Amino acid sequence: MKPVVAIDGPAGSGKGTLARMIASHFSFVYLDTGLLYRTVAFLNAPLTELKDIRKLLDITAKLTEEQLRSPENSARASDIAKNPEVRDIMTHLQRDFIQLYNEKGVVLDGRDIGTVVVPDACCKLFVTADLKERAKRRFADLKNENTTFDEVYNNMKLRDAQDKSRKIAPLTCDKTYIVIDTTGQSVQESFKICREEVKKAFVNSGYGSFV
Ligand code: DC
């Protein structure tokens, strides 16, 4: 079994970008678990159809950024993420993904990766930033003329509240996480900090050969 890196944090914190960079640096496989929730929200498919992680990844790959990341679908994803049946199925599918790639090393990012999906991950990062800065980043990413900054900001504020307050698997971190606050940092600065933290965690958990 190769190392698993769990990265959690709120929307727009930079966790996806950093997770991708960490995966590429260590030649690990990356899974954006938020995209899976977004696909399920967009499809509105019966839960019984969600059995195979490969199938779900194929469907996700066929949807556009616009379809998945629109403010409407973001709100829908946060909504369905409150459903215990959805969460249970998604947790199993994410664990299947880890099994599938356990010879390569895996980086997953989301809201409950280190608390529920892989609590024994050898490295857990909680990536966060100011709400205003996160909304600015998301607004710049969207490139959608029909969406205003205020809409993105309010949508994100609501999602933060929903993700943190839901009864099952809320967005939270404890002392098993290393907190990375990316407010005011460049991507390269944050990446350097994360990379060093991941290396330290690998050494501490007996995965020193990966450093
Ligand atoms: O990371 P994201 O913004 O793309 O995630 C979209 C929504 O999916 C988010 O509002 C909450 C939900 N989500 C979750 O509940 N658990 C995860 N592991 C990932 C995402």
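This is a predicted model, so every value here is computed, not measured. Both counts, for ligands and for their atoms, begin at 1 and track the order of listing.
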Short N or O distance, D32 and ligand 1, threshold 3.5 Å exclusive: no
Pair F202 and F26, ring centroids less than 6.0 Å apart: yes
Donor-acceptor under 3.5 Å (Y207 side chain, V4 main chain): no
Salt-bridge present (R137, E133; N to O < 4.0 Å): yes
Beyond-backbone contact of F210 with F28, side-chain heavy atoms, under 4.5 angstrom: yes
Heavy-atom pair of closest approach, residues D181 and T183: OD1-OG1, 2.6 Å
Close side-chain approach of I53 to H92, heavy-atom, < 4.5 Å: no
Side chain, backbone, both or neither: the part of R166 lying under 4.0 Å from ligand 1 by heavy atom: side chain
Contact (N/O only, under 3.5 Å) between S74 and ligand 1: no
contact_flag M90 ligand 1 heavy-atom lt 4.0 Å: no
Any N/O pair T33/ligand 1 closer than 3.5 Å: yes
Ionic contact status for D96 with K55, cut-off 4.0 Å: no
Heavy atom of the protein closest to atom 8 (O) of ligand 1 (residue, atom name, distance): Y37 CB, 3.5 Å
Whether K15 lies under 4.0 Å from ligand 1, heavy atom: yes
Taking atom 16 (N) of ligand 1 as the reference point, the nearest protein heavy atom with its distance: R87 NH2, 3.0 Å
Per-atom contacts, ligand 1 versus G34 - under 4.0 Å to a heavy atom: 1 (O), 2 (P), 4 (O), 5 (O), 19 (C), 20 (C)
Mode of R111 contact toward ligand 1 - side chain, backbone, both, neither (heavy atoms, under 4.0 Å): both
Distance-only N or O hit between ligand 1 and D109, under 3.5 Å: no
Interfacing atoms of ligand 1 (cut-off 4.0 Å, heavy-atom, S78): 10 (O)
Atom 10 (O) of ligand 1 - nearest protein heavy atom and its distance: R159 NH1, 2.8 Å
Close N or O approach (R38, ligand 1; < 3.5 Å): yes
Side-chain (D130) to main-chain (K132) donor-acceptor, under 3.5 angstrom: no
Enumerated ligand 1 atoms positioned under 4.0 Å from heavy atoms of A81: 12 (C), 15 (O)
Best match, T115, D112, L158: closest heavy atom to atom 18 (N) of ligand 1: D112
Contact summary for L68 and L63, nearest pair of heavy atoms: CD2-CD1, 3.7 Å
Test: D8 and R111 ion pair at under 4.0 Å: no
